[in-house]
Amino acid sequence: MQHIIDRFISYVTIDTESDPNSNTTPSTQKQWDLAHKLTKELISIGMKDVSIDNNAYVMATLPSNVDYEVPTIGFISHFDTSPDFTGKHVKPRVVKNYDGKDIALNVEENIILSPSYFEDLLLYVGQTLIVTDGTTLLGADDKAGITEIVTAMEYLINNPEIKHGTIKVAFTPDEEIGRGAHKFDVKKFGADWAYTMDGSQIGELEYENFNAAGAKIRVIGKIVHPGYAKGKMVNSMYYASEFINALPKEETPERTEGYEGFFHLYHIEGKVEETTLQYIIRDHDKVKFEARKALMEKIVANLNSKYQAEVFELEIKDQYYNMREKVEPVMHIVDIAEEAMTTLGITPLIKPIRGGTDGSQLSYMGLPCPNIFAGGHNFHGRYEYVPVESMQKAVEVICKIAELTANKYK
């Protein structure tokens, strides 16, 4: 257990926050720090063909140890952390034998991680948790996944009696800003299929995700001295509120679950002369997804018609699509993961992802890629935590998938 803890902490204490406003890959220079560390670590544990390209994509190979043909499988995680909350100066704390009570993350600022609000904590009574100090996120999304992949490869190397085919691993930048797979070299990776280790609760196994788009609404106003503004001033912030209120109020992240889609306003920047709204649009159903985009276009058209001017400008860009379409024709890859969990005494939780992973884009790039739990909870904020036992189980799942795949093709 201590080995996993030490490895995980060595990763999360490196700041790798990505930046959606950057045009480079990786989007932040600091992501290189962990990318280079991982490259050296993969070499040190005995992986072969270790490489890092000009965009910080790290890849490596564990050669087959059987004398017959087995499909090449892969495991993928991302090393950037979300720009939603700072990942600078992460100070993780290990809570042993969790007692099911409140955890004071930061006494001075009265920041409490409580099971009365985060009920999932009660699933891990008696286990070892890694938490934040309440001032940063933790980075289990997805440094827990990286920890698990590296540890699993190390275990397979040190235990050659476990038979497996060729295994590829990859670590990517910029997943949190939707660009993790944009420059992924699928041909170089060379796997028949792969798994992202990027889920949350132990047991999660996912092959459906949202269809996703980003929307930017620019609202144009006119600034005039307020003392002489009658009939002349156009306050873009008031107009922007009309757009916000025209969207369905019940279709937001905090009011939806399961397969329900949403509109999420995540950023506003405004002054009288100009206001910008930034949304993400999400829906598992492709028809409903297209209808959501059309609704935004209709609202903009109606408001511009109402004011007889081009007050509103809308730009929508698709980000990724539901990978179910690409995974269903090869469902045996999900079945293998499910069997691995069941064999290890883990109850598979097969459900749609209310988000996206590198795997959603990779599936459309020719690499079918379901998602497996990495163990963390409360991603992208100060209340993030990960049970160490969940990370250990994820390591076992990776090894078991490799073993089962080899056995099935014997």
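When a residue number appears, it is its place in the shown sequence, counting from 1.
Figure legend: cation-pi geometry between Arg218 and Phe312 absent, as NZ or CZ is not positioned both under 6.0 Å from the six-membered ring centre and within 45° of its axis.
Residue Asp358 holds its CG atom at 9.5 Å from CE of Met365, rounded to the nearest 0.5 Å. Note that OH of Tyr239 is 8.0 Å distant from NZ of Lys306, once rounded to the nearest 0.5 Å. Leu113 contributes atom CG, which lies 11.0 Å from atom CD of Glu384 (distance to the nearest 0.5 angstrom).
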Which pairs of donor and acceptor atoms, one on a side chain in residues 119-128, lie under 3.5 Å apart (sequence neighbours left out)?
unit_1, atom_1, unit_2, atom_2, d
Tyr124, OH, His377, NE2, 2.8

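Phe262 and His264 have perpendicular rings, their planes meeting at more than 60° on a 0 to 90° scale where under 30° would count as parallel.
Under a 4.0 Å N-O distance rule, the pair Glu403/Lys163 does not qualify as a salt bridge. The existence of a salt bridge linking Lys88 and Asp15 is excluded, since no basic side-chain nitrogen approaches an acidic carboxylate oxygen closer than 4.0 Å. Electrostatic pairing of Arg255 and Glu250 counts as a salt bridge here, judged by a charged N lying under 4.0 Å from a carboxylate O. Between Glu290 and Arg292 no salt bridge is recorded (no basic side-chain N to carboxylate O distance below 4.0 Å). For the pair Asp174 and Lys183, the salt-bridge criterion is not met [side-chain N within less than 4.0 Å of a carboxylate O]. Ionic pairing of Glu339 and Lys400 is not present here: no N-O contact between side-chain nitrogen and carboxylate oxygen is shorter than 4.0 angstrom. By the 4.0 Å N-to-carboxylate-O rule, Arg7 lies close enough to Glu154 to be salt-bridged with it.
Between Tyr195 and Phe75, a ring centre-to-centre spacing shorter than 6.0 Å is recorded. Between Phe210 and His284, the ring centre distance stays below 6.0 Å. Checked against a 6.0 Å centroid threshold, the rings of Tyr68 and Tyr409 do not count as neighbours. Aromatic rings from Phe184 and Phe189 are positioned such that their centres are separated by under 6.0 Å.
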- From CA spacing to verdict: side-chain contact (heavy atoms from CB on, under 4.5 Å), Asp133, Leu105: CA-CA 5 Å; Asp133 71 347; Leu105 301 178; 6.0 Å; no
- Task: With side-chain contact (heavy atoms from CB on, under 4.5 Å) as the test, would you mind laying out the steps for Ile281 and Lys293 before giving the verdict?
- Result: CA-CA 8 Å; Ile281 306 165; Lys293 293 187 290 182; 4.1 Å; yes
- Please lay out, stage by stage, how His164 and Leu62 fare under the test side-chain contact (heavy atoms from CB on, under 4.5 Å). CA-CA 9 Å; His164 58 81; Leu62 179 61; 3.6 Å; yes
- Determine, step by step, whether Asp33 and Lys30 satisfy the side-chain contact (heavy atoms from CB on, under 4.5 Å) criterion, reporting the C-alpha distance in whole Å, the side-chain angles of both residues, the deciding distance to 0.1 Å, and the verdict. CA-CA 6 Å; Asp33 295 338; Lys30 56 193 174 184; 4.2 Å; yes
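Of all non-hydrogen atoms in Arg382 and Thr132, the two that sit nearest each other are O-OG1, 2.6 Å.
Side-chain contact between Asn106 and Thr135: present, with at least one pair of heavy atoms (C-beta onward) separated by less than 4.5 Å.
A donor-acceptor pair under 3.5 Å is absent between the side-chain atoms of Thr61 and the main chain of Pro63, judged by distance alone. Side chain of Thr196 to main chain of Asp198: no donor-acceptor pair is present (N/O by atom type, distance under 3.5 Å, no hydrogens or angles).
Lys351 pairs in a side chain to side chain donor-acceptor pair (under 3.5 Å) with only one of the listed residues (Gln201, Glu204, Glu208), which is Glu204.
Counting non-hydrogen atoms of other residues, nucleotides and ligands closer than 6.0 Å to NZ of Lys288 gives a total of 12 or fewer.
Between Asp142 and Ser77, the side chains place a donor N or O and an acceptor N or O closer than 3.5 Å (distance only, hydrogens not considered).
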